[in-house]
Chemist: 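To start, I am sharing the structure in question, which I have written as structure tokens.
Positions are given from 1 along the sequence.
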Amino acid sequence: MPRSNPWAALSALCIGFFMILLDTTIVSIAIPAMVTGLKTDLNSVVWVMSVYLLAYAVPMLFTSRLGDRFGPKRVFLAGLVVFTAASAACGLAGTAGLLIAARAVQGLGAALMTPQTLAFITNLFPPTKRGPAMGLWGGVAGLATIAGPLLGGVLVDHLGWQWIFFVNIPVGVVGIVLTVLLVPDWQPKNSHSFDVPGILLSGAGLCLLVFGLQNGQHYNWGKVAGPVTVFEVIAAGVVLLIGFVAWQRFNRKEPLLPLDVFGNRNFSAGTLVGVTVGFTMTSMFLPMVLYTQEVLDLTPTKAGLLTAPMSLLSGIIAPFIGRMSDRANPKYLVIFGLLALAGGLGLVVVMVRATSSPLAMIPGLLVAGLGTGSVFAPMSNAAMSSVEPRLAGAASGILNTARQVGGVLGSAATGVLLQARITASATAEHGNMPNALTDAARQTLVLPIAVLVLGALVALAMRRTTPRRPVASPAPEPAVA
């Protein structure tokens, strides 16, 4: 039986990858409709985004090991089934509480799928030809992240907010069929033990930290329950995360987060850059959606169309940037992408006013699209290409987790800052809500710009290295139907 075509296999995997990244941003365009339809408040709907990112990020270090033990294809398929079923539950949810619960399950499905995609890239493609594959992966990541508002706007306007989740069902079914047919059942056959204390410490720490940050405004930064305050919840989360890192150093058997991998400077820098990219991808849309729909009075479809050129440009250039990352020092591509994205958002901040035309945002959005398309592939290539083969599975999980943790923190921080600035601006503008919302959106967008500049400074630490060639790398087995 002939070997599977690596590009066909990667294309099948990218369908599922596109879908799960799409769901990190597609909800943002539906926020006003969901607040009205579910009869809830902004904080609850922000939780609809954050709980997905949290359930996506927390288990990923663990799920990357599942692929090593049971085979990436089987774990990917299991995640795709869970994600598709949870999407149906999200669309059927009649209350904010039910929707938040279904989104948590959806995030778990995404966590099962994502690490397997990068693991397959490192297995299916030799190091010298990995750039174009990373380019396709980066193009899918950038396109999915930015296309969410456009597709979401069309669905919300014409079918209702529920269809931003129902649309995943046929796509998920197609993805399941193609994965079964085209993706090889590669078995790394690594019998990992599972770091249960590490899983519990990291999960509990992140949950407490995000809960405290996101709900601080809701509780007026005071008591949450009984004598427990918001700051005590945040502090408990930080203490648990510090305990998690300490346990990883103490646990010599098989830690969830092997600290050895951070001895690689490129990987350490790439991981921190991943946090800044994840932070930006979730934090930049909420203020823009609020401004375009509530101030400029655009429909969800028109608001989504406004971001279409950014999405298109990002998807077009990402494969070319991926090829360039094999030939040029990826550090400079990463820095260019981060600064272009920051510059684009800066142009948006300068141009938006309560009386501005929507077209005033287009130049900034195009520059941001150029930046987005230039970041994902070289960031991943620089981080993964010099990692030792024995640490590749763990490194893939860490890199994806870092990006999602950045997304969780970005969603939580932006929700808090936006709500605080709306309250302050409404007072300063004496109840003039268009001006107040515009000022709040502009001020909130400064946060991801600052984070991107920090990411560019971190990327300066990267250096060009020769990709490692795996020793006795297992060949992919024939695809099984």
Side-chain angles (χ1 to χ4, degrees), residues 1-22 60 63-64 67-68 71-80 83 109-110 112-145 147 171-188 314-326 330 373 375-385 387 389 392-393 395-397 399-400 403 467 470 473-481:
M1 190 177 294
R3 291 186 186 276
S4 62
N5 183 321
W7 287 103
L10 181 59
S11 299
L13 293 167
C14 281
I15 291 176
F17 187 54
F18 178 87
M19 188 168 63
I20 59 181
L21 286 183
L22 188 76
M60 209 176 320
T63 57
S64 64
D68 284 342
K73 175 178 179 176
R74 300 176 190 191
V75 177
F76 184 89
L77 273 173
L80 190 51
F83 188 94
L112 288 167
M113 296 162 64
T114 300
Q116 320 316 324
T117 309
L118 265 184
F120 263 112
I121 290 176
T122 58
N123 176 257
L124 292 171
F125 297 90
T128 54
K129 296 183 179 179
R130 208 166 283 158
M134 286 290 190
L136 176 61
W137 181 84
V140 168
L143 186 63
T145 304
V171 178
V173 170
V174 170
I176 290 168
V177 172
L178 291 180
T179 301
V180 169
L181 294 177
L182 300 177
V183 177
D185 191 14
W186 163 46
Q187 292 291 323
S314 173
I316 288 173
I317 70 166
F320 297 101
I321 295 294
R323 291 180 184 275
M324 288 177 62
S325 71
D326 270 347
V375 166
F376 281 95
M379 176 187 71
S380 303
N381 207 1
M384 294 295 295
S385 62
V387 171
S396 172
L399 188 61
N400 281 290
R403 194 177 69 250
S473 177
E477 296 179 10
V480 292

Chemist: Closest heavy-atom contact between A382 and P330?
Modeler: CB-CG, 3.8 Å
Chemist: With sequence neighbours left out, write down each residue that passes side-chain contact (heavy atoms from CB on, under 4.5 Å) with V171, or none if nothing qualifies.
Modeler: I15, M19
Chemist: Could you tell me the separation between the SG atom of C14 and the CG atom of L178, rounded to the nearest 0.5 Å?
Modeler: 12.0 Å
Chemist: Mind checking what makes side chain to side chain donor-acceptor pair (under 3.5 Å) contact with T63, not counting sequence neighbours?
Modeler: none
Chemist: Would you call F76 and T179 a side-chain contact if the rule is heavy atoms closer than 4.5 Å?
Modeler: yes
Chemist: Could you tell me whether the side chain of L80 reaches within less than 4.5 Å of the side chain of M113, counting heavy atoms only?
Modeler: yes
Chemist: Could you list the residues that satisfy side-chain contact (heavy atoms from CB on, under 4.5 Å) with A110, not counting sequence neighbours?
Modeler: I20, Y52, Y56, F83
Chemist: So do the side chains of V183 and L13 get within less than 4.5 Å of each other, counting heavy atoms only?
Modeler: yes
